[in-house]
Amino acid sequence: MKKIAILGSTGSIGTQGLDIVRKNPEKFQVTCVSCGNRIKELEEQIKEFKPSLAVVAKEEDALYLKKKYPNMDIEFGDEGLVTAATSDCDMVLNSLMGIKGLAPTCAGIKAGKDIALANKETLVTGGRLVMDLVKENGVKLLPVDSEHSAIFQCLEGNKNRDFRRILLTCSGGPFRGYTLDKLKDVTLAEALKHPKWNMGKKITIDSATLMNKGLEVIEAKHLFGASLDQVQVVVHPQSIVHSAVEYMDSSIIAQLGVPDMRIPISLAFGYPDRIPSSESELNLFGQNLTFEEPDMETFKCLKLAFEAEEKGGSYPVVLNGANEVLVDKFLKGEIRFIQIQERLEEILEGHKPSYDLGLQDILDIDKEIREQLA
């Protein structure tokens, strides 16, 4: 039985991960759950799955849980997340939001834990550092994002075969086909209506700006040892083809499925086996699949992500941190939608980069850019 610690267990990925455990109790055991502020939901998970460890964001919430569950280990804050990632488990599902997922990922890898990664910021900000740790410690890092899981699956049967391109698919978000002028009038309510996926607010806005795809480009580069010009974004509004790989003989192998995150999560949990499921069957009859080039002049966040990774060093760290702050400001009504990309472009143009970054360097640069934009 595989023991799994779930970081971010009350979020979208975390709850779907628990659903897989719920349906396969003979295969998986949850040893740790964690949340930020959804304490009531966490308590329901504690009652059902009976983990040995729970982690919350605030000390007062930890004290409350300790009184209620005296036989459980209760931790809090960033240190608590590191404790969770190094606890008694075989695999860590990291579904945290933002750069707070980086330190637990590194700690878990050093402790010999396999990582099911749904926290793309881990590789955006610390890609080389993390992948070096994976090699040094001989653990598996299994992607949970649907696109990266698809690429992983396309590569699995072709190990040691060179590929020409990674075709990273993108739904196009709710504003596909918009001009720059139309983006100026976008409202928060419109930006939060993703046409295909049900996600948290931050990632939904990132999908609307195409920053989410930009971050995935950087993630794919590190995960699969690709050069930046080997990663091509393809707009595919139907979200049926989750990504593809083109090999040197021009053959393209793709992974298809319905938009259901339980598929890539279950693949990571069960690897190298596949977990049977009849809930997410794809009916190909009547499907009309289309593919388009992304408009990177209108959706500049995607272009900025390519440029930041090309420059390297601290640029991707600043890209990620500044974007998180700007998205939060948009969600609070402090800036307009189009100002996310406008201000991000200004910040990157004025950045003085650093190179050869360790974990603390990355965290310090991230903190500095957030304080600058506060």
Side-chain angles (χ1 to χ4, degrees), residues 7-8 34 36 55-59 75-86 92 94-111 113 115 117-137 141 202-203 206 211-212 214-219 221-223 301 304-329 334-335 340 343-374:
L7 309 187
S34 86
V55 180
V56 292
K58 301 173 185 176
E59 184 176 11
E75 304 288 341
F76 69 94
D78 293 341
E79 291 184 4
L81 293 173
V82 169
T83 299
T86 57
V92 177
N94 187 343
S95 58
L96 297 169
M97 184 64 67
I99 199 170
K100 70 171 62 176
L102 176 59
T105 298
C106 292
I109 293 170
K110 289 178 181 178
K113 313 298 182 182
I115 308 293
L117 189 66
N119 173 255
K120 57 177 58 67
E121 293 85 357
T122 284
L123 291 179
V124 170
T125 61
R128 188 180 67 177
L129 171 68
V130 172
M131 297 312 295
D132 284 348
L133 285 174
V134 168
K135 292 177 183 177
E136 290 170 13
N137 291 275
L141 194 156
K202 193 268 180 181
I203 194 171
D206 279 349
M211 175 56 83
N212 189 54
L215 299 180
E216 289 179 0
V217 166
I218 299 172
E219 189 179 6
K221 174 179 176 285
H222 290 293
L223 268 173
C301 284
L304 292 173
F306 271 98
E307 292 175 351
E309 181 60 22
E310 180 68 31
K311 292 175 180 177
S314 54
Y315 276 102
V317 182
V318 171
L319 173 88
N320 179 75
N323 177 69
E324 285 190 27
V325 175
L326 293 170
V327 169
D328 186 58
K329 286 180 177 289
E334 297 175 8
I335 62 173
I340 296 173
R343 292 183 64 178
L344 191 56
E345 187 173 29
E346 294 171 0
I347 291 162
L348 289 169
E349 286 177 354
H351 177 57
K352 296 179 181 179
S354 302
Y355 295 90
D356 297 321
L357 306 176
L359 176 58
Q360 193 56 52
D361 298 319
I362 294 169
L363 297 176
D364 288 344
I365 292 167
D366 176 78
K367 181 180 179 182
E368 182 179 329
I369 192 63
R370 290 171 191 275
E371 290 176 349
Q372 179 183 324
L373 291 173

Subject >> Between CD on residue E75 and OG1 on residue T83, distance to nearest 0.5 Å >> reply: 5.0 Å
Original post:
Do NZ/NE/NH1/NH2 and the carboxylate oxygens of D366 and K100 come within less than 4.0 Å?
Top reply: no
Subject >> Step-by-step side chain to side chain contact (heavy atoms under 4.5 Å, CB included) determination, R370 to E324 >> reply: CA-CA 9 Å; R370 290 171 191 275; E324 285 190 27; 2.8 Å; yes
Original post:
Do the side chains of V325 and E371 get nearer than 4.5 Å, heavy atoms only?
Top reply: no
**OP:** Check whether any side-chain heavy atom of L348 sits under 4.5 Å from a side-chain heavy atom of L319, and report yes or no.
**Re:** yes
Original post:
So K120 and I203, side chain to side chain contact (heavy atoms under 4.5 Å, CB included) or not? Walk me through it.
Top reply: CA-CA 11 Å; K120 57 177 58 67; I203 194 171; 3.9 Å; yes
Original post:
Does a side-chain heavy-atom distance below 4.5 Å link I365 with T125?
Top reply: no
Subject >> Stepwise side chain to side chain contact (heavy atoms under 4.5 Å, CB included) test for V327 and N323 >> reply: CA-CA 6 Å; V327 169; N323 177 69; 3.7 Å; yes
**OP:** Take M211 and I340, measure what side chain to side chain contact (heavy atoms under 4.5 Å, CB included) needs, and give me the verdict at the end.
**Re:** CA-CA 10 Å; M211 175 56 83; I340 296 173; over 6 Å; no
Original post:
For R128, which of D356, L357, L133 qualifies under side chain to side chain contact (heavy atoms under 4.5 Å, CB included)?
Top reply: D356
Original post:
Going by heavy atoms in the side chains, are H222 and E309 under 4.5 Å from each other?
Top reply: yes
**OP:** Taking only Lys NZ, Arg NE, NH1 and NH2, and the carboxylate oxygens of Asp or Glu, determine whether K202 and E121 approach each other closer than 4.0 Å.
**Re:** yes
Original post:
Got I347 and V318 here, is their nearest side-chain heavy-atom distance under 4.5 Å?
Top reply: yes
Original post:
Below 4.5 Å, heavy atoms only, C-beta onward: do L123 and M131 meet side chain to side chain?
Top reply: yes
Original post:
Under a 4.5 Å cut-off applied to non-hydrogen side-chain atoms, are V92 and I109 in contact?
Top reply: no
Subject >> Heavy-atom side-chain proximity of P104 to L7 below 4.5 angstrom >> reply: yes
